[in-house]
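Since the structure comes first, as structure tokens, the remarks are kept for the end.
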Protein chains: 2
Amino acid sequence: MVNRSVVKILAKHGMKITPQRIAILDVIINLQNHPTADTICDYLRLSYPHISIGTVYKTLDTFESKGIINKVYSETDTMRYDGVITQHHHLYCIDSERIDDYYDDGLNKLLNDYLKKKKIPDFIVEDFKLQIIGRFNEKNKTK
Amino acid sequence: MVNRSVVKILAKHGMKITPQRIAILDVIINLQNHPTADTICDYLRLSYPHISIGTVYKTLDTFESKGIINKVYSETDTMRYDGVITQHHHLYCIDSERIDDYYDDGLNKLLNDYLKKKKIPDFIVEDFKLQIIGRFNEKNKTK
DNA sequence: TTCCTAAATAGGAATAATTCTTATTTAGGA
DNA sequence: TCCTAAATAAGAATTATTCCTATTTAGGAA
């Protein structure tokens with residue numbers, strides 16, 4: 001079940017529509033948990049056994065440079081990817097590798113207004129990301 | 001010129017005082033530009049030719065787990081380190097690898113108050129870090 | 001529809017960052 | 001001064017990522 005909108009996204013950015021790109025973009029948009037390139041590749045191999053890890057890395061880089069996906073900084077030395085590009089922030093769990101999205105328009109506005117007013121010397125702000133570090137409490141420990 | 005306070009920091013955290021630890025901590029506190037483990041090692045070798053890169057990594061991890069230094073998330077796949085542990089944020093340059101510290105007590109307070117009041121469901125906030133992404137302007141391009 | 005070409009891909013080698021292993025050394029308490 | 005657990009050096013191993021090259025392919029032109 002190829003998602004038609006995935007094809008549209010590729011076309012909109014003037015990219016060649018290849019089965020690999022469709023599959024990769026489909027996976028990253030549908031996996032909600034900020035997967036690594038390796039995780040993405042494992043998933044892809046279920047339906048696409050010959051895909052190459054090099055292609056996955058290259059394609060993710062291409063998507064990122066077009067602004068289709070985002071890289072997520074992580075504590076470990078493995079890069080993670082995020083199919084959500086509307087502005088949002090991240091909750092980092094101290095006890096696990098878990099990283100959740102955090103949407104908060106109030107927070108966005110608060111920071112936007114502050115940084116616009118504040119004027120950091122010799123620096124032009126283009127974007128910002130808040131990493132919120134802490135713990136998921138009992139009710140929500142597994143996911 | 002061994003910095004006495006470096007020794008004090010090690011002692012305060014109940015760590016064995018070794019020449020390697022003194023040298024490493026001295027370098028990371030005095031280098032202000034968020035060096036990589038490799039950069040730290042190069043510096044150390046000037047005065048300490050036999051230090052092992054493995055020791056540098058292990059020691060930086062130890063320091064980080066004791067809260068003496070911080071890791072800094074970076075765009076590339078190389079971890080960087082920060083000898084400054086008072087709360088602060090980072091300015092990431094889009095055009096280079098440069099990462100500057102950004103101190104702003106007003107911002108800290110703003111975010112603290114907001115997150116304290118806001119209550120993110122099922123998540124207990126311990127800390128936060130703001131990544132401010134943008135460009136250094138002409139006057140300040142080289143550094 | 002067929003052909004053509006630049007771009008994309010597969011597969012594997014190469015590189016770079018980091019961790020692991022083990023024998024040796026050492027800090028600091030007894 | 002001695003003893004032992006902890007720290008270190010050196011290099012091997014691992015892991016993530018990039019690079020290389022021959023082959024394939026998407027999509028525009030004829």
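Each chain gets a letter, A, B and so on, in the order its sequence line appears, and its residues count up from 1.
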Under 3.5 Å for both distances, Watson-Crick or G-U wobble, that's the pair rule; now give the dot-bracket for DNA chain C, with | marking pairs to another strand and [ ] for crossing ones.
-> ||||||||||||||||||||||||||||||
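- A donor-acceptor pair under 3.5 Å links the side-chain atoms of B/Arg21 to the main chain of B/Lys16, judged by distance alone.
- No engagement by A/Thr36 is indicated, since no non-hydrogen atom pair under 4.0 Å with the nucleic acid exists.
- Classification of A/Lys129 and A/Asp127 as a salt-bridged pair fails, no side-chain N sitting under 4.0 Å from a carboxylate O.
- For the pair A/Met79 CE and D/dA16 P, the interatomic distance rounds to 13 Å; values are reported in whole Å.
- With the nearest nucleotide of DNA chain C identified for both B/Lys71 and B/Thr18, B/Lys71 has the one nearer the 5' end.
- Enclosure of atom NZ in B/Lys66 by more than 12 non-hydrogen atoms of other residues, nucleotides or ligands within 6.0 angstrom is indicated.
- Contact detail for A/Ile68 and A/Ile85: the closest heavy-atom pair is O-CG2, 3.2 Å.
- Closest to the side chain of A/Tyr57, out of D/dT17, D/dG27, D/dA7, is D/dT17.
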Please tabulate, for the side chains in residues 32-43 of chain B, all donor-acceptor contacts under 3.5 angstrom to protein atoms that are two or more places apart in sequence or on a different chain.
residue: B/His34; atom: ND1; partner: B/Ile99; partner atom: O; Å: 2.9
residue: B/His34; atom: NE2; partner: B/Asp82; partner atom: OD2; Å: 3.3
residue: B/His34; atom: NE2; partner: B/His90; partner atom: NE2; Å: 3.3
residue: B/His34; atom: NE2; partner: B/Asp101; partner atom: OD1; Å: 2.8
residue: B/Thr36; atom: OG1; partner: B/Asp38; partner atom: N; Å: 3.4
residue: B/Thr36; atom: OG1; partner: B/Thr39; partner atom: N; Å: 3.1
residue: B/Thr36; atom: OG1; partner: B/Thr39; partner atom: OG1; Å: 2.9

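- Checking each of B/Asp113, B/Asp105, B/Asn112 against B/Lys109 for a side-chain hydrogen bond (donor to acceptor under 3.5 Å, both in side chains) leaves exactly one that passes, namely B/Asp113.
- Atom CG of A/Asp42 and atom C1' of D/dA16 are 14 Å apart (whole Å).
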When you look at A/Tyr102 and A/His89, which way does the ring pair (Phe, Tyr, Trp, His ring centres under 6.0 Å) test go after all the steps?
-> CA-CA 5 Å; A/Tyr102 177 62; A/His89 306 281; 7.0 Å; no
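- A/Ile53 places its CD1 atom 14 Å from the C1' atom of D/dC19, with the value rounded to the nearest Å.
- Taking atom NZ of residue B/Lys58 and atom P of nucleotide D/dA7, one finds them 6 Å apart after rounding to whole Å.
- Between B/Ile17 and B/Val7, the shortest heavy-atom distance links the atoms CD1-O, 3.7 Å.
- Contact annotation for B/Thr55: base contact, defined as any heavy-atom pair under 4.0 Å involving a base atom.
- If you take CZ of A/Arg80 and C1' of D/dT17, they are 17 Å apart, rounded to a whole angstrom.
- Put simply, chain B comes within 4.0 Å of DNA chain C, heavy atom to any atom, from C/dA17 to C/dG28, going 5' to 3'.
- Rounded to whole angstrom, the span from the CG atom of B/Asp61 across to the C1' atom of D/dA7 amounts to 15 Å.
- For A/His13, the NE2 atom is densely surrounded, since the number of other residues' heavy atoms within 6.0 Å is greater than 12.
- Between B/Ile17 and B/Gly54, the one whose closest nucleotide on DNA chain C sits nearer the 5' end is B/Gly54.
- The residue A/Pro19 sits close only to the backbone: its heavy atoms come under 4.0 Å of sugar-phosphate atoms, none of a base.
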